[in-house]
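Residue numbers start from 1 in every chain, and the chains themselves are labelled A, B, ... in the order their sequence lines are given, proteins ahead of strands. Given the structure is predicted, the values throughout are model-derived calculations rather than measurements.
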Amino acid sequence: MAKLLKNREILLVLAIIVLVFAIALRFPGFIEPANLARVYNDTSILIILALGQMAVILTRCIDLSMAANLALSGMVAAMINAAFPGVPIPMVILTVVALGAALGSINGLLVWKLDIPPIVVTLGTLTIFRGTIFLLSNGAWINAHQMSDAFKALPRASFAGFPILSWLSVAAIAAIYVLMTRTPIGRAFFAVGGNPHAAVYTGIDVGRTRFLAYCLSGALAGLAGYLWVSRYAVAYVDIAAGFELDIIAACVIGGISIAGGIGSVAGAVLGSLFLGVIKNALPVINISPFAQLAISGTVIIIAVAVNARTEKRKGRVILKKAEAV
Amino acid sequence: MAEAHLSPRIIPDRLRSRSSRALKSWESLLLVVALLIFAFNSFASPYFLDPWNLSDATFNFTEKALIAFAMALVIISGEIDLSVASIIALTSTAMGLAVTMGADTPVLVLVGLGTGLLCGMVNGLLITGLGLPSIVVTIGTMSLFRGLSFIILGDKAYTGYPESFAFFGQGYVWWVFSFELALFVVTAIVFGVLLHKTNFGRSVYAIGNNQTAALFSGVRVGRVKFILFLLTGLMAGIASICLTSRLGSTRPSIALGVELEVVTMVVLGGVSILGGSGTIPGVVLAAFIMGMVTFGFGLLNVPGIVMSIFIGVLLISVIALPILWSRARRRMAH
Amino acid sequence: MLQETTPLRMKPAITLEGISKSFPGVKALSDVSLSLYPGSVTALIGENGAGKSTLVKILTGIYQPDGGTIRVNGIETQFPTAMAASRHGVTAIHQETVLFDELSVAENIFLGHAPRNRFGLIDWKTLNGNARELLARVGADIDPTIRLRDLGIANKHMVAIARALSIDAGVVIMDEPTAALSHKEIHELYELIDRLKADGKAILFISHKFDEIFRIADRYTVFRDGGMVGEGLIADVDQDRLVKMMVGRDVGQVFPKVDVDIGEPVLTVSGYRHPTEFEDIHFELRRGEILGFYGLIGAGRSEFMQSLIGITRPSAGAVKLDGKVLVIRSPAEAIEAGIVYVPEERGRQGAIIGLSIFQNVTLPSLHRTSRSGFLKLANEFALAREYTQRLDLRAASLDQDVGTLSGGNQQKVVIAKWLATQPKVIILDEPTKGIDIGSKAAVHAFMSELAGQGLSVIMVSSEIPEIMGMADRVIVMREGRIAGRFERSELTAEKLVRAAAGIVEAA
C-alpha cells in the first residue's frame, strides 16, 4: 500500500476521485456520467497539448509557444475554410497539423543547431507566432458565419455516444502511448532527458531527438488549433492566450520532471484531467472562474516542490554497511 | 626553478587599455545601432526631433527598463524571473484596493513597494529556500500573482486614483524631463554601481560563471540570489506605481507580456542568457534602442502586435548572431 | 620481453601501437602499446594520473589519440565516436556506471538495439526475456522490469556487464569494477569474469587491489607517468615487483621538503561521521605540519574534507581550532574561521572561468580589499600581484580570463585565491592532479615554504611520491574509515599501498 501511494499516477487518480466526490457532495449532478463525459470532452484539447509538451519536457526542454502555435494554426484553418469552403475538412486538418509541425520544427532547429536555450527560443517564437496571426488576419476575427457547417460540426459530431473531439483525444493518447513505449524515438526522449551524456554513448543524437520532440509538440498544437477554432467557432489573435501555462501546469502536476527524463503518458493525461475537473467545478461550486489562473499557479508551485522532493538523489555511498539496505 | 623564485616575473595588471577594450565591446555596437536608429527616425518623421515628442518616446521604455536593471542581475547570476509582469498586475491591484479603502498617495506608494517586495520574497524563498528551479517557480508565480488580481478584480477596473498620485507617471521634474526618466537615470546609476563597483556585484558575476566554485570561495550563494529576487520584486513594484499612475487605472490584464520585453531588453543589452556576463550600460542602451524602435514604429503607424514580432525576432537573433559569428570565425581559423 | 610472453598461437582481439595523447600542458600518454587477447584478462596497473583513464577513453572512442594506430582483429581502424568503438565490439564498464536511472533494467541493457516485432515496434516481451537470459548468464538475480535507480551499485555493474554481452562485445574494459562491491559480490564478479574468459572475451581489468589482480588476471601492463613501464605474464611476477614498477622513480629527491619545527596542535577533529560517506575520523594537525591523506579514489577523503568546511553536514563530530570549538555551516564561515579548502575539481569547484585572474584571487578576500562594500581595484590588484608572484604564476596580465591559462597556472591561481585569505589551516585536495612537472614543483616548493612559515597543511593526494616527498605524517583512508597512520620516518610506498588496498601484511 505504501508503495502504491508512492506511485504518482495512482496518487493522481485518487486525488481526482476525491476531488470529484467532494464536488459531488455539494453538487450531486457533477458525478453523473453525462457530466463526467462533458468534463472529459472539455479537457480533450488540453490533453492533446499536454502530450506534446510532455515529449519536449522529457528531453530537458520546454515549449512556451504551443498556445501561440495553436492560435496560428487555428487561424490558418479558419482562413482556409472561409476562403475555400469546398476543401474537405480532413485536408484542412492535415494541412494545419503539417503547419504546426513546421512551426515546431523552427523551435527544434534553433535549439538543435544553434544551442539557444529552449526557454528563450520559445518565448521568442511565442510572440512571433502571435504577431504573424495579426499579419495574416489584419487583426480581424473569423466568426462562426464565415465557417462552413462541416468545419464546425466535426468536433461535435457524435460517434458511439461520444463527441469526435473526445475520440480524437483518445486516439492521440493511444498513438502517443505507442510512440513513447514502443518506438526507439519514444525511448530516446526518455534517454536524452534522463542522462544526455550516457545517451551519446548509446548512439542517440541528443539534438536531433529534441528537434523531433518539438516537431511532435508542434503537430499536436496544430491539431489542437483546428479543434479549438471549430469548437468555439471563432478565430482571432488572442485565442488560447496564456494557455501555455495550463499545458505546463498539467505536465508538472502529472509528475513530468522539468529536469527531464521522468514522466509518463498517464501522468500527462491525469494532470490535464486534474486541471480540467477544477476548471469545470469552479462555476458549479460558485467560485469565480477568475480564480482559475491563481489555482493553476498554486498547483504548479506545489507540484514542482513535490517533484523536487521525490527526485532528490541519494549521495555517494562509501561506507559498506550503509549500502546493505 | 630557484632562479624563477629569486626574480619573480612581474605580471602587469592590464594589457589592453580600457579604451581599446571598450571600442570592441557589445556596448559600442549598441551605441552605433542606437545612433543609426535615431538618425533614421529623424529622417523618417519630421515630428521625431521635437523635444516633447522625444520626451513622450521615453515612456516606451522607462518602466520596463526599471525592471530590466534588476532582471539583468538575476540573469547574470544564472536565474530568471518570468513573474515580473504579474507582480506589476498584483501590485497595481493592491494599490487600487487601497484607494477604495481611502488611502492617499504616500500610503499607495508604500502599498506598491510592499507588495512588490512581498512577491519578490515569495519567489526568493521558493527558489533559494526550497532549491526549486527559478524558471518553473516563476512560471507558477506568474499565474499565481496575476490570478490573484483576477480574483480581486474580476472583469472590473480600479480608477479614482488621487490627483497627486498622477505625478509618478505623468509628472515632469524639469522642462521635458519626466519623473519616470529621472527615476530611470537614478536607477541606472544605482544598479550600475551595485553591479560594477561593489562586492555584491562581484558575487553575482561569480555565481553566474560558476556557482559551485563561488560557494567554495565563501560566497553566500543563497543569500545573494534571495536578495536579487527581492530586488526584482521591488523594481516591479516601482514600475507598477509608475504605470498605474500613468494609466490612472488598474485592470488585471495590465502589463500583459511585459516579462518578454524585459528579458529581450536584458539580452539585447549583451547579458548572456546562460549567466555570467553583461553590463548595466548595455541594458541602458538596449532600453533606448527598444524605446526608439517602438516609437518609430508608432510614428509609422505600425500596430503594437507587429512590434511584438520584431521583439521576438530581436530576442532570438541577438542570441543566435554571436553564436553564428563565433562559428564562422572558428571555421575561418581552421 | 614481448616475444616471450605473447601466446604465439593466439591473435590479439585488439592492438594499440604507439598511442600518444597530450592535453594543454600535460602529456597524458606517450608511445603506449597494448594488446588484448581473446579469453585472457589483462590487468592495467598504475598510480592515479599514470594515464589509465586516458587509455580507456581512447579505447572507447571518447578521446582521439594524437598518434598511433588501433587494430581490431588485425585490421587498422579508428574510433571517432563512442558508437564506433561499440560497433567494433569494444565496451567499457565504468566505476560510475553511465546508465539511465529512470529506465528499466531490461531497457538499459537493450537501449539502441531493442528487439522489434513485425510492425517495427519494440517487442517488450522478447526484450525482457532476452534481458532475463543475459542477467542469468552473468549470474545476477535481478528482475529486468524494475527501474535501474532501485538497484545497488553492485547490481548496476551486473546490468552494465549484461549490456556489454548484449552488444556481443569482444573486448570488455572493466574500470575498477570492484571498488564499490562487497566481499560476496566481488566473488560473484570473479566467477563471471571466468565465464567471460571462457566465452573468449578479451578483458582489460583496471584495479588497485593486488589480491584480485593475482586472482583473475593472466597478464599485466604497468603504466607510469603516461608511459608503459612493464608488461608480462602474471605468473612471472610477484606483488613487490609490481608495486616497485608502479611507484618507480627515486622518491624524495625532487621534493623541496624542508624540516620544520612542528608546533602545538592547531586543528583537532574528533568523532567525525556521516551516515553514508565516512565514520570515526579523528586526528590532530599541528602548527607547521604537512599532514598527508592517502587513499584510493572514492575512499571518502574529499567527502570528509568538504564536510569539514560546511559543504555537507556530518551527523556527529567536533572540530576545535586553536582550542576553541567551531561550528561551521558554510564555506564562508570556514574561511572566516581560518580553515580553507582548495578543492580537487579545479574546473568545477576551484577556478571561476569567465572571471579574470585578479577577480578569482580576491573573491574570498573581498571584505579585506574593499571599503564598506565598494570594490577597491588598486587593493585587489595589489593582493593578486602578491600571491600570484609568490606562486610563480605565468600569465600575460592579471586582467586575463583564468580560462585562458594552462591547467598548472589555473591551479596556482586557485591556490593563491585561498591563501590570500590568510588561513590558519589549508586543505589541499589533489593539489597537483593533472598539471605539468614545472607547475607541480612550484606548488610543492610553495607548500613547503608555507609550512615553514607556520601554516598547517592537510594534503589529500593519491600520488605516492607526492605523499612520501611532502608529508610529515600520513593518514590512510579506506572505504570511509582511517586505515592507517604513519610517521614520515616509517613511511614506505608498500605500506601505503597495502593499507589503502586493505592487504594484510604480506608474507
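Only the side chain of C:Thr362 comes within contact range of chain B, with at least one heavy atom under 4.5 Å from a heavy atom of that chain. Proximity to chain B (any heavy atom under 4.5 Å) is shown, for C:Phe374, by both the backbone and the side chain. Heavy-atom distances place the backbone of C:Ala351, and not its side chain, under 4.5 Å from chain B. Contacts of C:Arg385 with chain B are made by side-chain atoms alone, with heavy-atom separations under 4.5 Å and no backbone atom involved. Of the two parts of C:Ile357, neither the backbone nor the side chain holds a non-hydrogen atom closer than 4.5 Å to a non-hydrogen atom of chain B. Heavy-atom distances place no part of B:Ser277 under 4.5 Å from chain C, backbone and side chain included.
Residues C:Gln306 and C:Thr312 have side chains that never bring a donor and an acceptor to within less than 3.5 angstrom of each other.
Between B:Arg220 and C:Glu336, at least one side-chain N (NZ, or NE/NH1/NH2) sits under 4.0 Å from a carboxylate O, which counts as a salt bridge. Ionic pairing of C:Lys440 and C:Glu463 is present here: one or more N-O contacts between side-chain nitrogen and carboxylate oxygen are shorter than 4.0 angstrom. A salt bridge does not link C:Glu277 with C:Arg301: every distance from a Lys NZ or Arg NE/NH1/NH2 to an Asp or Glu carboxylate oxygen is 4.0 Å or more.
When each of C:Thr421, C:Leu366, C:Leu363, C:Val414 is scored by its heavy-atom pairs under 4.5 Å with chain B, the top score falls to C:Leu366. Residue with the most contacts toward chain B among C:Leu375, C:Leu398, C:Ile352: C:Leu375 (heavy-atom pairs, distance under 4.5 Å). Listed options B:Val193, B:Thr198, B:Asn199, B:Asn209 were ranked by heavy-atom pairs under 4.5 angstrom with chain C; first place goes to B:Asn199.
B:Phe184 and B:Phe288 have perpendicular rings, their planes meeting at more than 60° on a 0 to 90° scale where under 30° would count as parallel. Ring planes of C:Phe293 and C:Phe304: parallel class, angle under 30° (limits at 30 and 60°).
The two residues C:Asp401 and C:Leu355 come nearest to each other via the heavy atoms OD1-O, 3.5 Å.
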